[in-house]
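Note that this is a predicted model, so its numbers are computed, not measured.
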Amino acid sequence: MSSTATAPLPAASRAASIPTLFARQQARAEALRREAVSSRANRLRRLDAWITDNRQAIQEALYADFRKPAAETDITEIWSSQTELRHTLRHLSQWAAPRKVGTPMALVGTRGWVQPEPKGVCLIIAPWNYPFYLAIDPLISALAAGNAAIIKPSEMTPSVAALLSRLCRELFDEAEVTVVEGDKDVATELLRLPFDHIFFTGSPQVGKVVMRAAAEHLTSVTLELGGKSPAVVDETADLRDAAEKIIWGKGVNAGQTCVAPDYVLVHESVRDQLVEELRGVVSRFYSPEGQPVRESASYARLVNDHHYERVAGLLEDARAQGATVALGGATDAASRFIEPTVLLDAPTDSRVMQEEIFGPLLPVRTFRNLMEAVDEVNARPKPLALYVFTQDAENQRYLLQNIPAGGACVNETILHLAHPDLPFGGFGNSGLGRCHGHAGFMAFSNEKSVLKQRTGLTALKPVYPPYTPKVKKLINMLVKWL
């Protein structure tokens, strides 16, 4: 832990100091590269202890930014971060060790292995929707792999940004890990620098900006983006169970989740039953005593006025386009509240069916057969997540095989994100690269391939020039048999 922590600089001063800070991290990265894996583990243990000791401060920061319930913060920001931390600590020595590979017959006498090494100085651009977890999770992987890192938190969640700044000042020398706060101009300044890896979480539109900037320096990137993740409910599904899991996945963080179910495709024969189950779940979750949902202490708010207006605009457009509000629909601009809302028969060209919602609106559309459902999903860019609700093994196989997606759950929503052994990421428009667990460690590592040859006679020396008839005969044998 650094004993020379200083007060944070004003944003303008911080932006001006970015090149100097980057140079310090470049210099420090060389020392980090030579450190023992035990030193990396010690940093992770200190981070784990800090999270435990500051649980209440994390809860308060999330509540201040968008009234996130403390219990929800515990699950989605704290538990998820510490699960990743502890999983990484259990496996770090194994991941960082050289991995032996086999030897082909033509290279008899050699040995080969893959040796992970740190990439160097990494930039983590974190979003506002899970502002603590989505900064800490990639930081865990970056530290485990032996890198220095700069974190750029979202300016939309200032309380969490300040908390992350304090965390880094208390735990790390800024030449190893630091936070740079500020708006998009600060992000632009950061993206001009030749980082060794950039980890970005956010929208596909901004992801393209990040990737273009990275291309200037041939910097590798991990892009965790988003899209319209469907939940497909067939006629064999347990409808009450499906409704509970869909509303939980949609309701957590008031729908501001990259892997939230964005819309439901349900078999036409069970639509009305599913809607009734959804109605009952919303009541049990957020109105157990009959009080309005807006009075629930278990329901978050939208992050700011701009985002509220955007989601409210999607609701208004859907109504204008002929969608029916089957459940919810209440809004309050003063508190940035939008009730969990189920929309029936929203046209495919309505904004709510074209844009990623990122809020508590749930369009429900029907299908007659699985081919029709597959065609509707595949008419859009590849989703970040696919949710399949069925008790029929053949239907499960058909949907998983025919709908490309970054990840999928069967009879569940969003929990694949929490499994540290499941690589998480998007596909096409929904993202590039993978994170979590070993996949996250490798995202921040260079896989150095090493071949060690013996001295003296080797298997290939007999085919060195000059290419005499005898040598050509040996080469022919090599091509034909090896």
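If you check the side chains of Asn54 and Arg166, you find a donor sitting under 3.5 Å from an acceptor. Inspection of the Thr348 and Glu376 side chains reveals no N or O donor paired with an N or O acceptor under 3.5 Å. With no hydrogens or angles considered, a side-chain donor-acceptor pair links Thr222 and His197 at under 3.5 Å. Judged by distance alone, the side chains of Ser165 and Glu181 do bring a donor and an acceptor atom under 3.5 Å apart. For the residue pair Asp349 / Gln354, no side-chain donor-acceptor distance below 3.5 Å is found, with atom types taken as modelled. Between the side chains of Lys119 and Ser220, at least one donor-acceptor pair of N or O atoms lies under 3.5 Å.
A salt bridge between Lys68 and Glu77 is present, with a side-chain N of the basic residue lying under 4.0 Å from a carboxylate O of the acidic one. Ion pair Arg28/Asp173 not flagged as a salt bridge, since none of the NZ, NE, NH1 or NH2 atoms sits closer than 4.0 Å to an Asp/Glu carboxylate oxygen. Using a 4.0 Å cut-off between charged nitrogen and carboxylate oxygen, Lys448 and Glu117 count as a salt-bridge pair. Ionic pairing of Glu216 and Arg192 is not present here: no N-O contact between side-chain nitrogen and carboxylate oxygen is shorter than 4.0 angstrom. Of the charged side-chain nitrogens involved, at least one lies within less than 4.0 Å of a carboxylate oxygen, so that Arg43 and Glu35 count as a salt-bridged pair.
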Under the side chain to side chain contact (heavy atoms under 4.5 Å, CB included) rule, what do Leu315 and Leu343 come out as? Steps first, then yes or no, please.
CA-CA 9 Å; Leu315 175 57; Leu343 297 165; 3.8 Å; yes

Let me see the working for Leu107 and Leu460 under side chain to side chain contact (heavy atoms under 4.5 Å, CB included), right down to the final yes or no.
CA-CA 7 Å; Leu107 300 180; Leu460 286 182; 3.9 Å; yes

side-chain hydrogen bond (donor to acceptor under 3.5 Å, both in side chains) between Ser159 and Glu60, worked out
CA-CA 9 Å; Ser159 298; Glu60 290 172 352; over 6 Å; no

Check against ring pair (Phe, Tyr, Trp, His ring centres under 6.0 Å), Tyr308 and Phe337
CA-CA 8 Å; Tyr308 167 84; Phe337 166 80; 9.1 Å; no

Chi angles and distances behind the side chain to side chain contact (heavy atoms under 4.5 Å, CB included) call for Arg301, Ser335:
CA-CA 7 Å; Arg301 295 295 185 266; Ser335 61; 4.2 Å; yes

May I have the step-by-step check of side chain to side chain contact (heavy atoms under 4.5 Å, CB included) for Leu21 and Ile150, ending in yes or no?
CA-CA 9 Å; Leu21 177 60; Ile150 294 176; 4.3 Å; yes

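Other residues, nucleotides and ligands contribute at most 12 non-hydrogen atoms within 6.0 Å of the CE atom of Met211. By the 6.0 Å contact criterion, CZ on Arg55 is open, its count of non-hydrogen atoms from other residues, nucleotides or ligands being 12 or less. Heavy-atom contacts from other residues, nucleotides or ligands closer than 6.0 Å to NE2 of His306 number 12 or fewer. Open room surrounds CZ on Arg111; 12 or fewer heavy atoms of other groups in view lie less than 6.0 Å from it.
For the pair Ala96 and Pro116, the tightest heavy-atom approach, listed with the atom from each and the gap, is O-CD, 4.0 Å. Residues Gly255 and Ala260 come closest through the heavy atom pair O-CB, 4.1 Å. Across all their heavy atoms, Gln256 and Tyr130 have their closest contact at O-CE1, 3.4 Å. When all heavy atoms of Leu163 and Ala61 are compared, the closest pair comes out as CD2-CB, 4.3 Å. Residues Asn147 and Ala145 come closest through the heavy atom pair ND2-CB, 3.4 Å.
Between the side chain of Glu356 and the main chain of Gly227, a donor-acceptor pair closer than 3.5 Å is present.
Distance check, rounded to the nearest 0.5 Å: CD1 of Ile140 to CG of Leu92 gives 12.0 Å. A distance of 10.0 Å separates CG of Asp196 from CG of Asn446, quoted to the nearest 0.5 Å. Note that CG of Asp53 is 10.0 Å distant from CD of Glu170, once rounded to the nearest 0.5 Å. The SG atom of Cys435 lies 7.5 Å from the CG atom of Leu417; values are rounded to the nearest 0.5 Å. The CZ atom of Phe132 sits 6.0 Å away from the CG atom of Leu167 when rounded to the nearest 0.5 Å. Note that the CD atom of Glu72 and the CD1 atom of Ile78 stand 12.0 Å from one another [nearest 0.5 Å].
Phe427 carries Lys382 over the face of its six-membered ring, with the cationic atom under 6.0 Å from the centre and within 45° of the normal.
Centroid-to-centroid, the aromatic rings of Phe424 and His416 come within less than 6.0 Å.
Between Ile136 and Ile151, the closest side-chain pair of non-hydrogen atoms is not below 4.5 Å. The side-chain heavy atoms of Ile51 and Leu85, taken from C-beta on, include a pair separated by under 4.5 Å. Looking only at side-chain heavy atoms (C-beta outward), Leu386 and Leu400 come within less than 4.5 Å of each other. No side-chain heavy atom of Asp65 sits under 4.5 Å from any side-chain heavy atom of Val303. Side-chain contact check for Leu191 versus Ile125: some heavy-atom pair is nearer than 4.5 Å. Here the side chains of Lys228 and Pro383 are not in contact, with every heavy-atom distance at 4.5 Å or above. With a 4.5 Å cut-off on side-chain heavy atoms, Leu362 and Ile246 count as touching. Side-chain contact between His436 and Phe441 is absent, with no heavy atoms from C-beta onward closer than 4.5 Å.
Each ring-ring contact (aromatic ring centres under 6.0 Å, His included) pair with one or both residues in residues 68-89, not counting sequence neighbours, appears once here: His87-His91, His87-Trp95.
In this view, Tyr286 and Tyr299 satisfy the ring-ring contact (aromatic ring centres under 6.0 Å, His included) rule, not counting sequence neighbours. Applying the ring-ring contact (aromatic ring centres under 6.0 Å, His included) criterion to Phe200, with sequence neighbours excluded, gives no partner residue.
Classified by interplanar angle (parallel below 30°, tilted 30° to 60°, perpendicular above 60°), the ring pair Phe66/Trp128 is perpendicular.
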